[in-house]
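Since the model is a prediction, treat every value here as computed from it, not as a measurement.
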Amino acid sequence: MRKTLTALPLIALVLAGCAATPAATTPADAAVAEPVASPIATLDREPAVPRQADNDYYLNAQAAIDSKIAARGLRPAKNVILFVGDGMSIPTVTATRIYAGQKRGVDGESYKLTMDQLPYSALSKTYSHDAQIADSASTATAMMSGVKTNSRTLGITGDASYDNCASVEGNTTDTIFEIAEAAGLATGVITTARLTHATPGATYSKTPNRDWEAYVGSGGPGADSCPDIATQFIDWQAGDGFEVAMGGGRSAFLKGGAEDPEYPGKTSDRKDQRDLIADWTARPDHTYIIDREGFDAQDFTSEDKVLALFEPSHMDYELDRAEDPAGEPSIVEMTRAAITRLSQDPDGFVLLVEGGRIDHAHHAGNAARALEEADQFDQAIKAALEMTNSDDTLIIVTADHSHTLTISGYARRGNPILGLSSMSIDGKPSKALDGKPYTTLGYMNGPGACTPTEEGFDCIRKDLTGVDTTDKDFLQQSLYPMWSETHGGDDVAIFASGPGSELISGVMEQNEIFQVMGRASGLVAGPERE
């Protein structure tokens with residue numbers, strides 16, 4: 001008989017020899033030791049069978065991972081960390097590698113990112129239930145819940161309808177975070193985007209519209225019964241809730257009409273008078289942080305549950321962070337703080353770290369900010385490797401979807417990755433058939449196709465001679481004009497280390513990532529447990 005998540009008992013886990021504090025250090029320039037295959041082993045955890053376990057996508061992913069386990073064995077993972085570089089396409093990884101090396105004064109082409117050095121890798125197919133080129137909501141749901149669902153929806157299966165709350169009932173999913181909480185593990189979410197945005201929202205929310213972050217819009221039949229995403233975070237019933245959650249998105253939690261504490265004149269996005277921040281802080285040992293001072297003052301070795309919302313909307317880009325008067329931590333600092341807090345739990349933890357603004361910079365056609373965000377994201381991976389033990393912690397690094405960034409031309413080795421393409425030793429720019437130079441990086445579509453003028457737009461390609469294309473505000477040229485550059489439909493990379501990482505291989509369906517995390521951690525039942 002299939003056991004449901006709601007019936008899953010809270011259990012105490014005894015894991016002899018598994019240190020809860022940071023152990024072996026893995027330097028960024030040294031390869032992670034490749035795990036040795038072992039027979040199937042489990043932790044002392046009662047695995048759950050999620051509500052979505054009858055879904056065809058779920059079953060197919062389960063079968064794929066089960067066949068790998070049968071062939072390779074499986075070592076148990078006490079902890080799981082999922083790193084999601086939002087929009088981190090393979091060209092983004094390549095360009096970031098070169099950018100990071102050049103930024104550090106070394107050869108960029110041969111430079112190794114931290115993610116490059118993880119021992120296992122694969123490709124992830126990112127289509128959703130209804131879209132060839134998916135959005136962040138459906139792709140995040142695939143990874144968190146193990147099912148492919150409709151784009152623009154979170155935490156529900158493809159049997160539910162976009163924008164219709166009445167269709168949600170009976171079609172919700174159990175996420176790896178909810179399952180972990182029910183089993184007594186610690187959980188955390190770190191993002192540089194809004195905490196209610198698509199990727200972090202997929203860890204806890206069930207909604208037919210990803211845009212209902214602060215209030216429910218015109219949702220058709222039953223709209224009044226569908227809580228907004230911020231409310232779902234505060235009212236989350238899984239276990240004892242997140243131990244740590246940090247990012248942006250403060251405006252969705254302040255009661256309607258309330259002024260932001262950092263930006264006078266800016267008011268809440270909420271339409272009701274519920275003060276979600278007050279609801280959070282009214283609970284025992286629940287801490288709320290809004291700025292650098294609060295972050296620096298917080299003792300992350302305590303048992304406090306921490307909610308940190310550093311901006312009304314998304315956090316600042318890394319290249320702009322120093323300009324924030326109140327200050328905010330980097331993704332590296334948040335990752336270190338989160339692991340410190342979660343490691344206080346001897347039963348283990350599950351953590352999401354999202355580099356959310358890689359995607360936003362790409363949408364803006366702004367490669368400089370995208371690459372800096374990706375470089376900082378990679379440094380957060382390095383921090384996690386330093387703070388955890390590869391014997392008991394599964395780390396998976398991937399992206400939710402691609403973008404249209406391209407790397408083209410015949411630039412010589414060592415040419416600045418953000419610069420004009422040049423084949424010559426003296427740096428003289430190469431030119432296209434129109435006689436104008438072009439950059440190595442470009443976009444298939446986006447705002448860089450046209451230049452605003454008093455009369456409207458000039459869509460004849462601009463001459464980049466004398467233009468500083470390495471400036472952080474430069475927008476790469478694109479083929480056809482869009483207000484916002486779009487996602488791409490190509491596969492993205494998966495990198496992994498630690499117990500269960502040997503299951504990351506070949507070309508995988510994106511929802512198989514859930515099965516890898518669930519099976520390695522002993523939180524999700526395999527076919528034999530049904």
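When all heavy atoms of R274 and D235 are compared, the pair lying nearest together is NH2-OD1, 2.8 Å. Smallest separation of non-hydrogen atoms from T96 and T92: OG1-O, 2.6 Å. Pairing each heavy atom of A180 with each of V350, the nearest pair is CB-CG2, 3.7 Å. The two residues A252 and L276 come nearest to each other via the heavy atoms O-CD1, 3.8 Å. Heavy-atom minimum distance, A384 versus T335: CB-CG2, 4.4 Å. Residue E181 comes nearest to A186 through the heavy atom pair OE2-C, 4.3 Å, listed as atom of the first residue, atom of the second, then distance.
S497 places no side-chain N or O within 3.5 Å of a backbone atom of P119 that could act as its donor or acceptor partner. When atom types are taken as modelled, the side chain of T207 and the backbone of R210 share no donor-acceptor pair closer than 3.5 angstrom. No donor-acceptor distance shorter than 3.5 angstrom exists from the side chain of H197 to the backbone of L195, with no hydrogens or angles considered. Under the 3.5 Å distance criterion, the side-chain polar atoms of D107 are left unmatched by any main-chain donor or acceptor of G101. When atom types are taken as modelled, the side chain of E485 and the backbone of T404 share a donor-acceptor pair closer than 3.5 angstrom. One N or O on the side chain of T398 and one on the backbone of A493 form a donor-acceptor pair closer than 3.5 Å. Although no hydrogens or angles enter the test, the distance criterion places a donor-acceptor pair under 3.5 Å between the side chain of N511 and the main chain of G146. Within the 3.5 Å criterion, the main-chain N or O of F295 finds no donor-acceptor partner in the side chain of Q298. With hydrogens and angles disregarded, no donor-acceptor distance shorter than 3.5 Å links the side chain of H403 to the backbone of S89. Formation of a donor-acceptor pair under 3.5 Å by the D291 side chain with backbone atoms of F310 is not found in this model.
Around NZ of K255, the count of heavy atoms belonging to other residues, nucleotides or ligands within 6.0 Å does not exceed 12. In Y215, the OH atom is not crowded: 12 or fewer heavy atoms of neighbouring residues, nucleotides or ligands sit closer than 6.0 Å. Applying the 6.0 Å contact sphere to CD of E303 captures no more than 12 heavy atoms from other residues, nucleotides or ligands. The neighbour count for E259 CD, taken as heavy atoms of other residues, nucleotides or ligands under 6.0 Å away, is above 12.
Between R194 and D269, no side-chain nitrogen of the basic residue sits less than 4.0 Å from a carboxylate oxygen of the acidic one, so the salt-bridge criterion is not met. Between E333 and R336, no side-chain nitrogen of the basic residue sits less than 4.0 Å from a carboxylate oxygen of the acidic one, so the salt-bridge criterion is not met. Ionic pairing of R369 and D320 is present here: one or more N-O contacts between side-chain nitrogen and carboxylate oxygen are shorter than 4.0 angstrom. Note on D86 versus R357: no salt bridge recorded, every NZ/NE/NH1/NH2 to OD/OE distance being 4.0 Å or above.
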Given the rule in the side chain to side chain contact (heavy atoms under 4.5 Å, CB included) test, do L464 and Q477 qualify, once you have shown the distances and angles that lead to the verdict?
-> CA-CA 10 Å; L464 297 178; Q477 293 179 331; 3.7 Å; yes

E323 and D316: side chain to side chain contact (heavy atoms under 4.5 Å, CB included), yes or no, with the steps?
-> CA-CA 9 Å; E323 301 168 16; D316 288 329; over 6 Å; no

Check the pair Y99, E372 against side chain to side chain donor-acceptor pair (under 3.5 Å), reporting the backbone distance first and the verdict last.
-> CA-CA 8 Å; Y99 171 86; E372 181 63 30; 2.5 Å; yes

Starting from the C-alpha separation in whole Å, work towards a yes-or-no answer on side chain to side chain contact (heavy atoms under 4.5 Å, CB included) for D359 and H487.
-> CA-CA 9 Å; D359 172 79; H487 294 175; 3.3 Å; yes

Mind running side chain to side chain donor-acceptor pair (under 3.5 Å) on S205 and Q232 for me, showing each step along the way?
-> CA-CA 6 Å; S205 67; Q232 290 188 51; 4.7 Å; no

Test log, rule side chain to side chain contact (heavy atoms under 4.5 Å, CB included), inputs D400 and T126 | CA-CA 7 Å; D400 46 357; T126 63; over 6 Å; no

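When each of T470, T94, I98 is paired with I417, the side-chain contact (heavy atoms from CB on, under 4.5 Å) condition holds for I98 and for no other. The only member of T175, T141, T153 that meets side-chain contact (heavy atoms from CB on, under 4.5 Å) when paired with K206 is T175. Considering L351, L82, T203, L523 in turn, T203 is the only one that fulfils the side-chain contact (heavy atoms from CB on, under 4.5 Å) rule with F177.
Taking the side chain as every heavy atom from C-beta outward, I396 and V516 approach each other to under 4.5 Å. Inter-residue side-chain proximity for P329 and R292 is flagged as met; some heavy-atom pair is nearer than 4.5 Å. Put simply, the side chain of T187 does not reach to within 4.5 Å of the side chain of Y204, judged on heavy atoms. The shortest distance between side-chain heavy atoms of F495 and I504 does not fall below 4.5 Å. The side-chain heavy atoms of L352 and T199, taken from C-beta on, include a pair separated by under 4.5 Å. Here the side chains of D490 and I90 are not in contact, with every heavy-atom distance at 4.5 Å or above. L254 has its side chain within reach of P261: a pair of non-hydrogen atoms, C-beta onward, lies under 4.5 Å apart. Taking the side chain as every heavy atom from C-beta outward, M115 and M88 approach each other to under 4.5 Å.
A donor-acceptor pair shorter than 3.5 Å can be found between the side chains of S151 and S128. For the residue pair Y438/Q476, the side-chain donor-acceptor check at 3.5 Å is not satisfied.
Annotation: the span from D304 atom CG to Q344 atom CD amounts to 11.0 Å, rounded to 0.5 Å. Here CG of D135 is found 8.0 Å from CG of L154. Values are rounded to the nearest 0.5 Å. Taking NZ of K78 as the start and OG1 of T393 as the end, the distance is 7.5 Å to the nearest 0.5 Å. Distance check: I513 CD1 to T139 OG1 gives 10.0 Å after rounding to the nearest 0.5 Å. Here the CG-CG distance, from N79 to L185, works out to 8.0 Å after rounding to the nearest 0.5 Å. The structure places CD1 of I234 at 5.5 Å from CZ of F253, a figure rounded to the nearest 0.5 Å.
Sorted by first and then second residue, the salt bridge (Lys or Arg N to Asp or Glu O under 4.0 Å) pairs with a member in residues 243-254 read E243-K305, R250-D260, R250-E262; sequence neighbours excluded.
Between W236 and F242, the angle of the ring planes stays under 30°, which puts this pair in the parallel group of the 30/60° scheme.
The side-chain hydrogen bond (donor to acceptor under 3.5 Å, both in side chains) test applied to T192 returns no partner, not counting sequence neighbours. With sequence neighbours left out, E311 forms a side-chain hydrogen bond (donor to acceptor under 3.5 Å, both in side chains) with Y263.
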